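The structure displayed is predicted, hence computed values, not measured ones. Numbers for residues simply follow the sequence, beginning at 1.
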Amino acid sequence: MAADYPPLFGRYLATIDPDVGVVVEVVRREEASTPVAHRKVAFCVSGAIGYRVVADEHALSSISIDLERRLVTKHVAAYSEFGILEREVDWLRRLAASGIAPPLRSATADRLFLDYVGEPVRRGNLPSDWPVQAEAILAALTSHGCAHNDIKCDNLTVADGKIHLIDYGWATPIGQAIPAHWPHGIGRQHRLGVHRFDDRAAIFAALGSAERGEVDRSVVMGHNPT
């Protein structure tokens, strides 16, 4: 890693998943551009503003992480016909006081502006008390009547030893049937079957796979979940 990277950016690089194949470029702010689909690209932006990290995973949405402001900008580029952005906004507002979801700063028709709550959980950043934190997440979901339906390691992030659950675009009220027209690949890593989910089983399976270093990356690198 280049010695002239700012310390905060260096700490970010130390926490990201090395299996993603990160490309790092030190550029002027005006040169930063949308990264190529199917690659996660980090930009260290020099100048008085600081620096920005931009990621684009499998072209379904783009995520810009401003480490200086601890701000995540999520641009939803697919599945708008299923109302995933509106649904996520609704659940983030309902869960605002729960402590398990990223705080929502604001939203537009195609973007969410969220607090940064860390990087996806892997063996290297998994807190030792993860079973206790998993139970707390499940309890909060239950108390708010929320079934997440897509729990996996890439939707569980860690910052300062705390686990958050993100991405509520496919969440439903507990007990509500999943609409038949929804994509059949939702939650594929840890589901019981097509449109059959168990958040308890999924979160323990996901975090257990992180502990063993066996994270299922089948959807992360470009596979369409439909």
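A distance of 5.0 Å separates CG in L207 from CD1 in I163, rounded to the nearest 0.5 Å. With rounding to the nearest 0.5 angstrom, the NE2 atom of H148 is 11.0 Å from the CD1 atom of I186. Separation of atoms CD1 (I100) and OG (S143) is listed at 7.5 Å; rounding is to 0.5 Å. Rounded to the nearest 0.5 angstrom, I203 CD1 and I151 CD1 are separated by 5.0 Å. Between D199 atom CG and C146 atom SG the span is 7.0 Å, to the nearest 0.5 Å. Rounded to the nearest 0.5 angstrom, E88 CD and L95 CG are separated by 10.5 Å.
Both Y116 and V158 belong to a common hydrophobic cluster when Ile, Leu, Val, Met, Phe, Trp and Tyr are linked at side-chain heavy-atom distances under 4.5 angstrom. There is a path of hydrophobic side-chain contacts, each under 4.5 Å, that joins I63 to L104. Under the 4.5 Å side-chain contact rule for hydrophobic residues, L92 and V76 share a cluster. Cluster annotation: V194 is not connected to F82 through the hydrophobic network of ILVMFWY side chains, with a link wherever side-chain heavy atoms come within less than 4.5 Å.
Screening residues 168-185 for salt bridge (charged side-chain N to carboxylate O under 4.0 Å, His left out), with sequence neighbours left out, gives no hits. Here ring pair (Phe, Tyr, Trp, His ring centres under 6.0 Å) pairs that include residues 87-113, with residues two or more places apart or in two chains, number zero. Pairs of residues two or more places apart, or lying in two chains, that qualify as side chain to side chain donor-acceptor pair (under 3.5 Å) and include a residue from residues 133-142 are D129-Q133, E135-R200.
A search for side chain to side chain contact (heavy atoms under 4.5 Å, CB included) contacts involving R212 returns S209, E214, not counting sequence neighbours. Annotation: salt bridge (Lys or Arg N to Asp or Glu O under 4.0 Å) contacts of R105 (sequence neighbours excluded): D115. By the side-chain hydrogen bond (donor to acceptor under 3.5 Å, both in side chains) test, R94 pairs with D90, sequence neighbours left out. Every residue two or more places apart in sequence or in another chain that forms a side-chain hydrogen bond (donor to acceptor under 3.5 Å, both in side chains) with E211 is listed here: W130.
Side-chain N or O atoms of D110 include none that pairs as donor or acceptor with a backbone N or O of H75 at under 3.5 Å. Looking at N155, its side chain never comes within 3.5 Å of a backbone N or O of K152 through a donor-acceptor pair. Under a 3.5 Å cut-off, the side chain of N125 and the backbone N or O of P120 do form a donor-acceptor pair. The closest donor-acceptor contact from the side chain of S64 to the backbone of T73 lies at 3.5 Å or more, if one exists at all. Distance alone, capped at 3.5 Å, places no donor-acceptor pair between the R191 side chain and the G187 backbone.
Using a 4.5 Å heavy-atom threshold, the side chains of K162 and P127 count as separate.
When every heavy atom of L114 is checked against every heavy atom of P102, the shortest pair comes out as CD2-O, 4.3 Å. When all heavy atoms are compared, the tightest approach of L126 to A210 is CD2-C, 4.3 Å. Considering all non-hydrogen atoms of both residues, P183 and H195 come closest at O-NE2, 3.2 Å. Contact record, S98 with H144: CB-CE1, 3.8 Å, taken as the closest heavy-atom pair.
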Can you give me every donor-acceptor pair (side chain of residues 164-182, partner residue at least two apart or in another chain, under 3.5 Å) with its distance?
unit_1: D167; atom_1: OD1; unit_2: K74; atom_2: NZ; d: 2.8
unit_1: Y168; atom_1: OH; unit_2: L165; atom_2: O; d: 2.9
unit_1: T172; atom_1: OG1; unit_2: N149; atom_2: ND2; d: 3.1

Exercise for the section: Take R87 and I84, measure what side chain to side chain contact (heavy atoms under 4.5 Å, CB included) needs, and give me the verdict at the end. Expected result: CA-CA 5 Å; R87 191 174 302 106; I84 61 171; 3.9 Å; yes
